[in-house]
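What follows is a set of notes on a single structure, which appears directly below.
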Amino acid sequence: MTETRLRFPPSPTGYLHIGGARTALYNWLYAKKTGGKLILRIEDTDTERSTEESIRGILEGLEWLGITYDEGPYFQTDFTADHVAAAERLLEQGLAYRCFCSKDELDAKREAALTAKQNLGYDRTCRHLTPEQVAGKMAAGLPSVVRFKVPDRQGMLGYDDKVLGRIECDYREVDDFVILRSNGKPLYLLCNVVDDIRDRITHIIRGQDHMTNTTRQVLLYEALQAPLPVFAHIPLTLDTKKSKISKRSHGEIVAVHFYRDHGFIPWAFNNFLVLLGWSPGNDQEIFSKEELIEAFTLERINRSSAIFNFRRDDPKFFTDPKAIAINEHYLRTMAIDELAPMVQKELEAAGLWDDSYAGGRRDWFLHTIDLIRDRFHTLKDFTSLGRAYFADDFTVEDKPLQKNVLKFPELTNWLPALADRYAQLAVFDAIETERVSREMAEELDIKPGVLINAMRTVVTGQLAGPSMFEILPVIGRDRVLARIRDIARFFPAS
RNA sequence: GUCCCCAUCGUCUAGUCAGGUCCAGGACACCGGCCUUUCACGCCGGCAACACCGGUUCAAAUCCGGUUGGGGACGCCA
């Protein structure tokens, strides 16, 4: 039994987007499941478009997701000699040929075919040049590319796909594709196969947009006399208008770093991504890493494409609602000491972190984030909606201010009076603060909610939150008293 | 234009390979109710889909054919 070897080969022409991330995830899962290896290969043969920054972005994206690789990153350009050697070998064996058609000619033909609604493929003009003709053109210094010579065969060319089943097409449908540019540089179709052979890749999991590439690459494996790996073409992720997701047309919303920067929990995002095109066959949707590796199979990958249901400019659903829901689930159910470091990062970035939260006040810190996480949606909420727990310069939202404070001008007397009673308390805990609040409400003959909601507003700045009496001890007596005594500042001076 | 792939609630999907247990199950979203000091917390309930037409069969979401629709590919990009 040979080891399974998978690869993730991004081209560094932009950031890592969710389609690529999902492909990486599927490869990673399968490698883990089979006890195999995942190889990262940067396919940078398009030197025009490849950038250093993009490579960094891809690496960071994978690291954030927790998708680890066992080998690499390899760089495709480091193996140019291999690629060229393979092309030359094919040329010598008569499995490829030189083509002298100029780019302009080809473009013109393609253009003409397109407008005439004719077939687009290469017309094989140079396929039957005699060795003398080739030599002559070479001697004349004419530039040429090397094309693969698609065999003239009857019957169908095909392969068995792990998710799609048997894929076939007629040999005549396949163009003589270019494997070497006129500048001598090899092209994707060839490089990719040569590298996969060298890296002993056993399984290729990639998007369905590669299906026609696979058909042609099957020919290359044969010509290079290498065994065919297992192919699994996973469905594409489409946008809400059903077109392929791309960096160019969708921007940040499809970038992995967008989710990192919007407070997603990495594993929660993986959990969301895996469900976009795969399901375990039962009702389970939340998986630990171990559970997912165990449950994942190629056979259960969907055949039809999935829509990434993102929204834009919606304060509540700024991306696919299901992604947010899964993130919320993890946010409120994960072990608090696993969550703590993530919250710490957020607080640090917002300048709200205090080292004592990791020392003497660690219990307070853990208890606090445990208390407030139930109503949060992303890690960002700890520093926005939850700012009042960590700082005094929080914003009091207008809605609760109108509804819970400004409607009751007498609160300017009531709350400071309540503060005085709180100051007298022997213990400042949930039971005592509640008792005193209710007592006072009864004396004043008002609903307890008036005092409680007013407190919620001036103490947390928010309309909603955990039980107010759980909150008070967490914020601490001193800060609570200061905040409720200062209620008059919300009323216009009279 | 050619080739390839796909087709179940708004979205992600289960069910299709081994036809009956499916007047189609779950999740998210939405709507309603409950809880309550509040809430985009929690709990309960509801709405909502087999693209269409034929065929096979006692029986079809499931098998076959066609239609329509969608997607992908057709580069000296990857």
Side-chain angles (χ1 to χ4, degrees), chain A residues 9-13 43-46 48-50 76 99 101-103 106-107 110 113-122 143-147 161 164-165 167-170 172-175 177-183 185 187-189 191-192 207-213 215 233 235-236 238 240 242-244 272 275-286 299 302-309 315-317 320-326 328 332 373-377 400 403-404 434 437-438 441 447-457 462-469:
Chain A
S11 66
T13 53
E43 305 217 322
D44 55 352
T45 51
D46 186 351
E48 299 280 302
R49 296 193 301 153
S50 296
Q76 193 158 58
C99 168
C101 297
S102 77
K103 204 168 189 304
L106 259 18
D107 286 347
R110 195 162 22 237
L114 206 55
T115 50
K117 294 194 185 279
Q118 296 290 302
N119 253 355
L120 262 25
Y122 176 61
S144 64
V145 300
V146 175
R147 283 181 187 274
D161 187 279
L164 263 9
I167 303 297
E168 286 185 325
C169 95
D170 201 296
R172 285 170 303 207
E173 295 294 338
V174 186
D175 286 348
F177 52 93
V178 177
I179 55 178
L180 226 53
R181 307 185 218 221
S182 52
N183 66 5
K185 292 284 199 297
L187 253 7
Y188 170 76
L189 251 12
C191 302
N192 191 248
Q208 288 180 8
D209 50 345
H210 281 283
M211 284 174 71
T212 54
N213 288 334
T215 311
H233 288 95
L236 266 22
L238 272 26
T240 48
K242 296 195 173 177
S243 55
K244 197 168 95 165
F272 164 74
L275 260 16
L276 233 44
W278 173 87
S279 91
N282 55 38
D283 290 342
Q284 185 175 1
E285 293 198 317
I286 301 294
E299 288 76 11
N302 263 267
R303 277 172 286 274
S304 50
S305 43
I307 293 173
F308 176 53
N309 196 19
K316 187 172 164 188
F317 297 114
D320 192 317
K322 185 129 185 171
I324 296 174
I326 291 175
E328 288 167 353
R332 36 187 194 247
R373 66 171 166 171
D374 268 359
R375 286 159 182 81
F376 287 173
H377 309 94
K403 187 181 163 192
N404 298 330
E434 176 160 16
S437 307
R438 289 186 185 278
K447 284 193 278 188
V450 174
L451 294 179
I452 297 168
N453 290 326
M455 269 198 285
R456 180 185 301 289
T457 305
Q462 297 292 307
L463 180 64
S467 164
M468 198 54 218
F469 303 107

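Source: prediction; values computed, not measured. A note on names: the letters A, B, ... follow the listed sequences, proteins ahead of strands, and every chain is numbered from 1. For the numbers below, each heavy atom of this structure counts, side chains included, while hydrogens, waters and symmetry mates do not.
- Counting non-hydrogen atoms under 4.0 angstrom, A:Val145 reaches a base of the nucleic acid.
- Between the side chain of A:Arg49 and the base of B:rC77, at least one donor-acceptor pair of N or O atoms lies under 3.5 Å.
- Side-chain proximity of A:Ser304 to B:rC5, B:rC76, B:rA7: nearest is B:rA7.
- Within 4.0 Å of A:Phe177, counting heavy atoms only, lies no atom of the nucleic acid at all.
- Counting any heavy atom pair closer than 4.0 Å across all strands shown, A:Gln462 reaches no nucleic acid atom.
- Rounded to whole Å, the separation between the C1' atoms of B:rA48 and B:rG71 comes to 25 Å.
- Within 4.0 Å (heavy atoms only), A:Leu463 reaches at least one base atom of the nucleic acid.
- One donor-acceptor pair, N or O on each side, does fall under 3.5 Å between the base of B:rC76 and the side chain of A:Ser182.
- Across all strands shown, the partner of B:rA73 is B:rU2, judged by Watson-Crick or G-U wobble contacts whose two distances both fall under 3.5 Å.
- Distance, A:Leu189 CG to B:rA78 P: 9 Å, rounded to whole Å.
- The partner of B:rU57 cannot be assigned: no Watson-Crick or G-U wobble pair with both contacts below 3.5 Å exists in any strand.
- Note on A:Gly465: a base of the nucleic acid sits closer than 4.0 angstrom, heavy atoms only.
- The base of B:rA78 sits within donor-acceptor range of the side chain of A:Asn213, with an N or O pair under 3.5 Å.
- Looking at residues two or more places apart in sequence or on another chain, you find a salt bridge (charged side-chain N to carboxylate O under 4.0 Å, His left out) between A:Arg373 and A:Asp370.
- In this structure, A:Met468 and A:Leu164 both approach RNA chain B, and ranking their closest nucleotides by distance from the 5' end singles out A:Leu164.
- Atom pair A:Phe308:CZ and B:rG71:C1' shows a separation of 18 Å (rounding to whole Å applied).
- When the C1' atom of B:rG69 is taken as reference, atom NZ of A:Lys242 falls 8 Å away, rounded to whole Å.
- Atom C1' of B:rC64 sits at a distance of 7 Å from the matching atom of B:rU56, rounded to the whole Å.
- Contact annotation for A:Ser279: backbone-only contact, meaning every heavy-atom pair under 4.0 Å involves sugar-phosphate atoms and none involves a base.
- Between A:Asp209 and A:Ala113, the residue anchored closer to the 5' end of RNA chain B is A:Ala113, taking for each the nucleotide with the nearest heavy atom.
- Residue A:Arg456 comes nearest to A:Met468 through the heavy atom pair CA-SD, 3.4 Å, listed as atom of the first residue, atom of the second, then distance.
- With sequence neighbours left out, the side chain to side chain contact (heavy atoms under 4.5 Å, CB included) criterion links A:Asp374 to A:Arg332.
- Nucleotides B:rG20 and B:rG1, compared at atom C1', are 45 Å apart to the nearest Å.
- Under the Watson-Crick or G-U wobble criterion, with both distances below 3.5 Å, B:rG42 is paired with B:rC34.
- Rounded to an integer number of Å, the gap from A:His210 NE2 to B:rC3 P is 23 Å.
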Q: Determine, stepwise, if the pair A:Phe469 / A:Ile452 fulfils side-chain contact (heavy atoms from CB on, under 4.5 Å).
A: CA-CA 9 Å; A:Phe469 303 107; A:Ile452 297 168; 3.7 Å; yes

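- Using a 4.0 Å cut-off between charged side-chain N and carboxylate O, A:Asp170 and A:Arg172 make a salt bridge.
- Using C1' as the reference atom, B:rC22 and B:rG15 are 8 Å apart when rounded to the nearest Å.
- Checking B:rC28, B:rA78, B:rU38 against the side-chain heavy atoms of A:Pro321 singles out B:rC28 as nearest.
- One C1' atom belongs to B:rC35, the other to B:rC44, and the distance between them is 11 Å to the nearest Å.
- Distance from the side chain of A:Ala325 is smallest for B:rC28 among the nucleotides B:rG72, B:rG1, B:rC28.
- Residue contacts shown for A:Leu187 are limited to sugar-phosphate atoms, with no base heavy atom under 4.0 Å away.
- Using a 4.0 Å cut-off, no side-chain N or O of A:Thr13 falls inside it from OP1 or OP2 of B:rA78.
- No hydrogens or angles were tested; on distance alone, a donor-acceptor pair under 3.5 Å links the side chain of A:Ser467 to the base of B:rU37.
- Residue A:Asn302 contributes atom CG, which lies 5 Å from atom P of B:rU13 at whole-angstrom precision.
- Counting only heavy atoms from C-beta outward, the side chains of A:Leu114 and A:Leu120 approach each other to under 4.5 Å.
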Q.
Checking A:Leu275 against A:Ile326 for the side-chain contact (heavy atoms from CB on, under 4.5 Å) test, could you report, in this order, the C-alpha distance in whole Å, the side-chain angles of both residues, the deciding distance, and whether it holds?
A. CA-CA 11 Å; A:Leu275 260 16; A:Ile326 291 175; 4.1 Å; yes

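- Listed nucleotides: B:rA78, B:rC30, B:rG75. Nearest to the side chain of A:Lys316: B:rC30.
- Put simply, the side chain of A:Glu285 and the base of B:rG26 share a donor and an acceptor less than 3.5 Å apart.
- Across all strands shown, B:rC47 has no partner, as no Watson-Crick or G-U wobble contact with both distances under 3.5 Å is found.
- One can place CZ of A:Phe272 at 10 Å from C1' of B:rC28, the figure rounded to the nearest angstrom.
- Annotation: side chain of A:Leu164 is in contact with side chain of A:Met211 (closest heavy-atom distance under 4.5 Å).
- Atom NZ of A:Lys403 and atom C1' of B:rU38 are 7 Å apart (whole Å).
- Distances shorter than 4.0 Å separate none of the side-chain N or O atoms of A:Arg303 from OP1 or OP2 on B:rU8.
- Taking the side chain of A:Thr212 as heavy atoms from C-beta on, and the options B:rC77, B:rU38, B:rG72, the nearest nucleotide is B:rG72.
- Residue A:Arg375 has its side chain nearest to B:rC39 when only B:rU11, B:rC39, B:rC76 are considered.
- Here, B:rA61 and B:rA51 have their C1' atoms 12 Å apart, quoted to the whole Å.
- Side-chain N/O atoms of A:Arg332 include one lying less than 4.0 angstrom from OP1 or OP2 on B:rG42.
- Distance from the side chain of A:Tyr188 is smallest to B:rA78 among B:rC30, B:rA78, B:rC39.
- Only the P atoms considered, B:rC47 is 10 Å distant from B:rG25, to the nearest whole Å.
- Comparing B:rA24 with B:rA49, their C1' atoms sit 9 Å apart, to the nearest whole Å.
- Side chain of A:Lys244, nearest nucleotide from B:rA73, B:rG42, B:rC76: B:rA73.
- Listed for the A:Gln462 side chain is no donor-acceptor partner under 3.5 Å among the backbone atoms of A:Pro400.
- Considering only the side chain of A:Asn119, B:rU2 comes nearest among B:rU13, B:rA78, B:rU2.
- In this structure, A:Leu236 and A:Gln208 approach most closely via the heavy-atom pair CD1-N, 3.4 Å.
- In this structure, the CG atom of A:Leu114 is 15 Å from the P atom of B:rA73, given to the nearest Å.
- Picking from B:rC41, B:rG71, B:rU37 the nucleotide with the shortest atom distance to the side chain of A:Leu238 gives B:rG71.
- Across all strands shown, B:rA7 pairs with B:rU68; the Watson-Crick or G-U wobble distances both stay below 3.5 Å.
- Using a 4.0 Å heavy-atom distance criterion, A:Gly207 is classed as making no nucleic acid contact.
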